[in-house]
Engineer: 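Pasting a structure below so you can have a look.
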Amino acid sequence: MHSDNGNFHERCYALLKQIPAGKVTTYGEIARALNSRAYRAVGTAMASNRQLFAIPCHRVVRSNGAIGGYALGPDKKAELLINEGVTVKNGRVGQLDAVMHRFPALPESTGGKRYP
DNA sequence: GGCGTGACCCCAT
DNA sequence: TATGGGGCCACGC
């Protein structure tokens with residue numbers, strides 16, 4: 001149709017902006033929110049992010065609770081999360097379920113099947 | 001046009 | 001609780 005709204009990357013950024021402070025999400029969750037399995041591409045999008053201050057990519061952690069990677073280093077990422085109120089211990093997020101942010105379902109995927 | 005890479009995820013041991 | 005192996009997708013060269 002008209003256009004795909006740019007790139008898959010931009011959609012990830014849009015979701016990141018919807019994450020409030022004190023909350024975090026996972027790469028897989030973002031891919032899920034986009035109804036895709038491109039968890040790998042999500043990470044690539046973060047790595048491609050040049051606006052660390054505009055896009056809170058530091059609020060994205062691994063689904064296993066690990067901090068993950070960061071352009072300024074994982075240590076800096078943990079510090080930012082702690083500064084926002086997220087409990088980080090030994091480079092891992094505590095109670096990830098408690099700080100996990102949930103995204104709304106996509107309008108085109110509402111109601112029926114998801115993956116064929 | 002095709003191939004390798006990567007801020008990953010899941011399961012089995 | 002760690003560790004290893006296999007699989008998935010979008011992007012750049």
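Note on naming: letters A, B, ... go to the chains in the order of the sequence lines (proteins, then strands), and numbering restarts at 1 for each one.
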Engineer: By nearest atom, which of the nucleotides B/dA7, C/dA10, B/dC9 is closest to the A/S63 side chain?
Structural biologist: B/dC9
Engineer: Grab the two heavy atoms, one from A/L96 and one from A/S63, that are nearest each other, plus how far apart they are.
Structural biologist: CD2-O, 3.6 Å
Engineer: Please state how far atom CD in A/E10 lies from atom P in C/dA10, giving the value in whole angstrom units.
Structural biologist: 16 Å
Engineer: Enumerate, in order of first residue number, the stems that involve DNA chain B, defined as 3 or more consecutive Watson-Crick or G-U wobble pairs with both distances under 3.5 Å.
Structural biologist: B:2-6 with C:9-13, B:8-13 with C:2-7
Engineer: Walk me through whether A/D75 and A/I67 qualify under side chain to side chain contact (heavy atoms under 4.5 Å, CB included).
Structural biologist: CA-CA 9 Å; A/D75 193 44; A/I67 291 296; over 6 Å; no
Engineer: For A/V61 and A/A66, which heavy atoms make the closest approach, and how far apart are they?
Structural biologist: CB-O, 3.4 Å
Engineer: Is there a side-chain contact between A/N49 and A/C12 in this structure, where contact means two heavy atoms from C-beta onward sitting under 4.5 Å apart?
Structural biologist: no
Engineer: What is the separation between atom NZ on A/K76 and atom C1' on B/dA7, rounded to the nearest whole Å?
Structural biologist: 17 Å
Engineer: Between the protein and nucleotides 11-13 of chain B, which nitrogen or oxygen pairs are less than 3.5 angstrom apart?
Structural biologist:
none

Engineer: Sequence neighbours excluded and cut-off under 3.5 Å, please list the side-chain donor-acceptor pairs for residues 22-30 of chain A, or say none.
Structural biologist:
unit_1	atom_1	unit_2	atom_2	d
A/T26	OG1	A/E29	N	3.1
A/Y27	OH	A/K77	NZ	3.4

Engineer: Provide, to the nearest angstrom, the distance between the CZ atom belonging to A/R50 and the P atom belonging to C/dC11.
Structural biologist: 15 Å
Engineer: Nearest whole angstrom, please: distance from the P of B/dG6 to the CD1 of A/I30.
Structural biologist: 20 Å
Engineer: Enumerate the salt bridge (charged side-chain N to carboxylate O under 4.0 Å, His left out) contacts for residues 51-70 of chain A, please, sequence neighbours excluded, ordered by first and then second residue.
Structural biologist: A/R59-A/E84
Engineer: Nucleotides 6-9 of chain C: which of its N/O atoms have a protein N/O under 3.5 Å away?
Structural biologist:
unit_1	atom_1	unit_2	atom_2	d
C/dG7	O6	A/R40	NH2	3.4

Engineer: Calculate the interatomic distance between A/N49 atom CG and C/dC11 atom C1'; express it in whole Å.
Structural biologist: 15 Å
Engineer: Is there side-chain contact between A/Y13 and A/C57, with at least one heavy-atom pair below 4.5 Å?
Structural biologist: no
Engineer: For a quick test of reading the model, state the closest non-hydrogen atom pair linking A/P20 to A/H101 and the distance between them.
Structural biologist: CD-ND1, 3.7 Å
Engineer: Can you measure A/H9 atom NE2 to B/dA7 atom P for me and round it to whole angstrom units?
Structural biologist: 11 Å
Engineer: Could you state the atom-to-atom distance from NE2 of A/H58 to P of B/dA7 in whole Å?
Structural biologist: 18 Å
Engineer: Can you run down the ring-ring contact (aromatic ring centres under 6.0 Å, His included) pairs that involve residues 53-91 of chain A, sequence neighbours left out, and say none if there aren't any?
Structural biologist: none
Engineer: Using 0.5 Å steps for rounding, measure from the CZ atom of A/F8 to the OG1 atom of A/T44.
Structural biologist: 9.5 Å
Engineer: With heavy-atom distances below 4.5 Å as the criterion, would you say the side chains of A/T87 and A/V93 are in contact?
Structural biologist: no
Engineer: Starting from P on B/dG6, measure out to OH on A/Y27 and report it in whole angstrom.
Structural biologist: 15 Å
